[in-house]
Amino acid sequence: QVHLVESGGGSVQAGGSLRLSCAASGYTLSRSCMGWFRQAPGKEREAVATMYTGDGGTVYAGSVKGRFTISQDNAKNTVYLQMNSLKPEDTAMYYCAAGPRLGWLCLSSITRDFNYWGQGTQVTVSS
């Protein structure tokens, strides 16, 4: 059974940093399509960052490019999202997800292409 467990959320002031972790069990992250998504109240879930762990390819939402970094640690079977220069508009529930697409197909994945999801971790950024 696949479990994805996020951690690392919290409350920070604008300009601060957080690192989110997504630990996987029952699922090998090497050569996997991994994504970080977020959903603010009243808004649709949106993709923040996607990584194909087989070659390290990544894609980011324009709103976070240059501030957020997705990375992997295969030894720990964990994916991270380093978030710097946080803004109040980054406030949301953040979710980790895993999907079956490989290579460049992974990087073009949309929300419904991911079939395993974590429970989410809350990030709140105050001004």
Side-chain angles (χ1 to χ4, degrees):
Q1 192 171 3
V2 177
H3 289 286
L4 301 176
V5 180
E6 302 96 334
S7 61
S11 297
V12 296
Q13 289 192 327
S17 298
L18 285 172
R19 188 177 79 157
L20 306 183
S21 299
C22 172
S25 59
Y27 192 88
T28 301
L29 294 187
S30 60
R31 299 186 70 190
S32 296
C33 187
M34 301 300 299
W36 284 99
F37 293 77
R38 66 186 181 188
Q39 188 167 19
K43 294 188 176 182
E44 291 189 358
R45 189 170 297 189
E46 62 172 351
V48 173
T50 303
M51 168 181 267
Y52 175 58
T53 61
D55 60 13
T58 59
V59 64
Y60 296 91
S63 59
V64 307
K65 195 173 295 184
R67 300 189 297 122
F68 290 11
T69 304
I70 185 172
S71 62
Q72 64 186 98
D73 185 332
N74 288 342
K76 296 183 178 180
N77 218 35
T78 299
V79 171
Y80 303 97
L81 185 68
Q82 178 67 43
M83 305 186 296
N84 299 328
S85 302
L86 282 162
K87 304 175 181 180
E89 51 263 43
D90 295 319
T91 295
M93 184 72 79
Y94 282 72
Y95 299 89
C96 170
R101 290 182 152 201
L102 306 178
W104 66 270
L105 291 175
C106 165
L107 302 185
S108 63
S109 295
I110 58 176
T111 304
R112 64 171 182 261
D113 294 322
F114 290 85
N115 48 6
Y116 297 111
W117 292 83
Q119 83 290 347
T121 185
Q122 178 67 37
V123 172
T124 302
V125 184
S126 58
S127 57

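The model shown is predicted, which means the values in this text are computed figures rather than measured ones.
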* Evaluate the criterion side chain to side chain contact (heavy atoms under 4.5 Å, CB included) for residue pair T50 and C106; output intermediate values, then yes/no. => CA-CA 8 Å; T50 303; C106 165; 3.8 Å; yes

* Structure fact -> Excluding I110, membership of its hydrophobic cluster (Ile, Leu, Val, Met, Phe, Trp, Tyr; side-chain heavy atoms within less than 4.5 Å) reads none

* Distance-only polar pair, side chains of D73 and T78, donor-acceptor under 3.5 Å -> no

* Structure fact -> Value for OH (Y94) from SG (C22), rounded to nearest 0.5 Å, stands at 15.0 Å

* Should L29 and M51 be counted in the same cluster of Ile, Leu, Val, Met, Phe, Trp and Tyr side chains packed under 4.5 Å apart? -> yes

* Considering non-hydrogen atoms only, spot the tightest contact between A92 and A40 and give its length. => CB-N, 3.9 Å

* Structure fact -> Distance col, row R31:CZ vs D55:CG, nearest 0.5 angstrom, shows 10.0 Å

* Asked: Rounded to the nearest 0.5 Å, what separation is found between the OG atom of S21 and the NZ atom of K76?
  -> 8.5 Å

* Distance (rounded to the nearest 0.5 Å) between Q72 CD and T53 OG1 -> 5.0 Å

* Pair listing, ring-ring contact (aromatic ring centres under 6.0 Å, His included) test, anchored in residues 16-37, at least two apart -> Y27-Y116, F37-F114, F37-W117

* Heavy atoms only: give me the nearest V12-S17 pair and the separation to one decimal. => CG1-O, 4.0 Å

* Asked: How close do P88 and S126 get, heavy atom to heavy atom, and via which atoms?
  -> CG-C, 4.4 Å

* Nearest 0.5 Å, what's the OG-CG distance between S30 and N77? -> 7.5 Å

* Asked: Is any side-chain heavy atom of Y80 closer than 4.5 Å to a side-chain heavy atom of T69?
  -> no

* Asked: Considering all heavy atoms of both residues, which atom of M34 and which atom of I70 are nearest to each other, and what is their separation?
  -> O-CD1, 4.0 Å

* **Intermediate values then yes/no, side chain to side chain contact (heavy atoms under 4.5 Å, CB included), S71 and Q82** => CA-CA 8 Å; S71 62; Q82 178 67 43; over 6 Å; no

* Residue pair Q1, S25: steps toward the side chain to side chain contact (heavy atoms under 4.5 Å, CB included) verdict -> CA-CA 8 Å; Q1 192 171 3; S25 59; over 6 Å; no

* Single-linkage hydrophobic cluster L20~Y60, side-chain heavy atoms < 4.5 angstrom -> yes

* Side-chain donor or acceptor of T91 paired with backbone N/O of V125 under 3.5 Å -> yes

* **Member of E44, E6, E46 meeting the salt bridge (charged side-chain N to carboxylate O under 4.0 Å, His left out) criterion with R38** => E46

* State, with a plain yes or no, whether a side-chain heavy atom of Y52 is found less than 4.5 Å away from one of V59. => no

* Applying the 4.5 Å side-chain criterion to the ILVMFWY set and letting contacts propagate, would V64 and L81 be lumped into a single cluster? -> yes

* To do: Following the transitive rule for hydrophobic clusters with a side-chain heavy-atom cut-off under 4.5 Å over Ile, Leu, Val, Met, Phe, Trp and Tyr, establish whether V79 and V123 coincide in one cluster.
  => yes

* Looking only at heavy atoms, what is the nearest atom pair of C96 and L4, with distance? -> O-CD1, 3.9 Å

* State the CG-SG distance between D113 and C33, to the nearest 0.5 angstrom. => 8.0 Å

